[in-house]
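Report on the following structure.
It should be emphasised that the depicted structure is a prediction, and the values quoted were computed from it without experimental measurement.
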Amino acid sequence: YKRQEHVYARLIKSNQKFSLSVALIPNSTLGPAALAKEKKVIDQVATSKLGGIGIDWQPATSTVDVRLFQHDDVIYLLNDSEPLPCPLGPCDTKRGFIKVSMLQSVETIINDLNSKLTKIAKGLNLMRLGTILDGEALASELIVKRALDGKTESFDATIVPTLYEGDELSLYIANYLDKPLDITVLFVGSDYGIDLVFPLDEDFNRFMEEEEKTIFLGKVTTATTGMERLIIISATASAAISPVNYSFLSQSGLPRTRALEGSDLTQLLKIAGFGTADTQAALRTIPIKNSLKSQGSIHTISWITAK
């Protein structure tokens, strides 16, 4: 090895994989009947397509997106940092889990498990896009008015604050480009639900050149707790069409999409699971083209909601 001075590395191409990595954690206390039912369910779920996203099954000891663990007639869906349920883990009565009852027909269990895995995959993929399409054209900042003392604090994407019941949230957005941007803001809860928070009703979501705006989002509730996020999507606006929004990314209700087939960003979102996409495309590593950042960006602002 010879040290070379004045040498640097440059990232030529960014790749991102959008499949959901899953591991089954064995439970030695399960009886023969429970093990047989679990195997039947997992064997069928293993071939599921999750709306084109695909499952990447890993050994139980691997670091994965989701760990499946059956205990007391329930399959728990745990992220990599969550402990096992009581009494195998901490017995915290306030702790909530994403779970599927095994006291149902095999077909119902499979449908329920697939639905929850799909929801998790789409939520995670939206966050992943925020790490690779975080351009500099858009400035965003979370503004918090504390319920406890009425003080106002501001947080950029580099800070993860803890928020509490009643804290009021606003989002400051500024368009630094010399061309308009269409802005969509989504909330991703710790339960992987995705809700549209801007634009709503008659909101006009086109930000003109160097325009800035503060959007009131509402008050924090502890219906869900843990890591939660705002996803801010900006797309270069076209003067010839009305403002575009990505409300179809919401996971509540049926998606309503408009024709955006020419957009590379929209195609990338489809590969991430939001729309019809070729299943095999989602299983391979997807190259992220630099040209995407010229069309728009995705910012992520995170916080922890606590009781």
Nearest non-hydrogen partners of Leu113 and Val41, listed with the distance: CD2-CG1, 4.0 Å

Kindly say whether His71 contributes a backbone atom to a donor-acceptor pair with the side chain of Asn27 at under 3.5 angstrom? no

Cluster check Val66, Ile110: I/L/V/M/F/W/Y, side chain < 4.5 angstrom: yes

Connected via hydrophobic side-chain network under 4.5 Å: Tyr164 and Val220: no

Donor-acceptor pair, distance only, cut-off 3.5 Å: does the side chain of Lys37 make one with the backbone of Met102? yes

Is there side-chain contact between Leu196 and Leu186, with heavy atoms separated by less than 4.5 Å? yes

Side chain to side chain, Lys213 and Ile173, heavy atoms closer than 4.5 Å: no

Could you check whether atom CG of Leu103 has more than 12 heavy atoms from other residues, nucleotides or ligands sitting under 6.0 Å from it? yes

What's the spacing between Leu142 CG and Asp167 CG if we round to 0.5 Å? 10.0 Å

Answer with yes or no whether the side chains of Asp56 and Ser21 bring together a donor and an acceptor at under 3.5 Å. no

Going from CZ on Arg229 to CD1 on Ile304, what distance comes out if it is rounded to the nearest 0.5 angstrom? 9.5 Å

Under a 4.5 Å cut-off applied to non-hydrogen side-chain atoms, are Ile194 and Ile231 in contact? no

dist Arg146:CZ -> Thr152:OG1 (nearest 0.5 Å) comes out at 10.0 Å

Where do Glu209 and Pro180 come nearest, in terms of heavy atoms and distance? OE2-CD, 3.9 Å

Sub-4.5 Å side-chain heavy-atom contact between Val144 and Leu169: yes

CA sep, side-chain torsions, deciding dist, call: Glu211, Arg206, side chain to side chain contact (heavy atoms under 4.5 Å, CB included): CA-CA 9 Å; Glu211 181 179 355; Arg206 177 158 294 174; over 6 Å; no

Donor-acceptor contact below 3.5 Å, side chain Arg67 vs main chain Glu82: yes

Main-chain N/O of Val100 paired to Asp112 side chain as donor or acceptor, under 3.5 Å: no

Flag yes if Trp303 and Phe155 sit in one hydrophobic cluster, no otherwise; membership is Ile, Leu, Val, Met, Phe, Trp, Tyr, and two members link when side-chain heavy atoms are under 4.5 Å apart. yes

Identify the heavy atoms of Pro26 and Ala60 that sit nearest to each other, and give their distance. CD-CB, 3.9 Å

Residues in ring pair (Phe, Tyr, Trp, His ring centres under 6.0 Å) contact with Tyr76, at least two apart in sequence or another chain: Phe97

Do side-chain atoms of Asp195 reach the backbone of Phe187 as a donor and acceptor pair under 3.5 angstrom? no

Check whether any side-chain heavy atom of Glu168 lies under 4.5 Å from a side-chain heavy atom of Phe216, and answer yes or no. yes

Of the non-hydrogen atoms in Met227 and Ser302, which two are nearest, and what is the gap between them? SD-CB, 3.9 Å

Show the numbers, then the answer: is there a side chain to side chain contact (heavy atoms under 4.5 Å, CB included) between Phe198 and Leu230? CA-CA 11 Å; Phe198 180 82; Leu230 287 178; over 6 Å; no

Going hydrophobic residue to hydrophobic residue with side-chain gaps under 4.5 angstrom, can you get from Val64 over to Ile120? no

When rounded to the nearest 0.5 angstrom, what is the spacing between CG in Asp65 and CG in Leu78? 13.0 Å

Transitive ILVMFWY side-chain link Ile183 to Tyr172, under 4.5 Å: no

Working to the nearest 0.5 angstrom, can you tell me the gap between Leu171 CG and Ile232 CD1? 5.0 Å

Give a yes or no on whether the backbone of Asn205 and the side-chain of Asp203 come within a donor-acceptor separation of less than 3.5 Å. no

Distance check, rounded to the nearest 0.5 Å: Ile215 atom CD1 versus Ile143 atom CD1? 10.0 Å

Indicate the atoms forming the closest heavy-atom contact of Glu165 with Ala147, along with that distance. O-CB, 3.8 Å

Any donor-acceptor pair under 3.5 Å linking the side chain of Thr118 with the backbone of Asn114? yes

Shortest non-hydrogen separation from Gln70 to Ala34 and the atoms involved: NE2-O, 3.8 Å

Are Ile301 and Ser140 packed together at the side-chain level, in the sense that at least one heavy-atom pair is separated by less than 4.5 angstrom? yes

Heavy-atom neighbours of Lys39 NZ exceed 12 at 6.0 Å: no

From the list Ile98, Asp191, Ile75, side chain to side chain contact (heavy atoms under 4.5 Å, CB included) with Lys116 holds only for Ile98

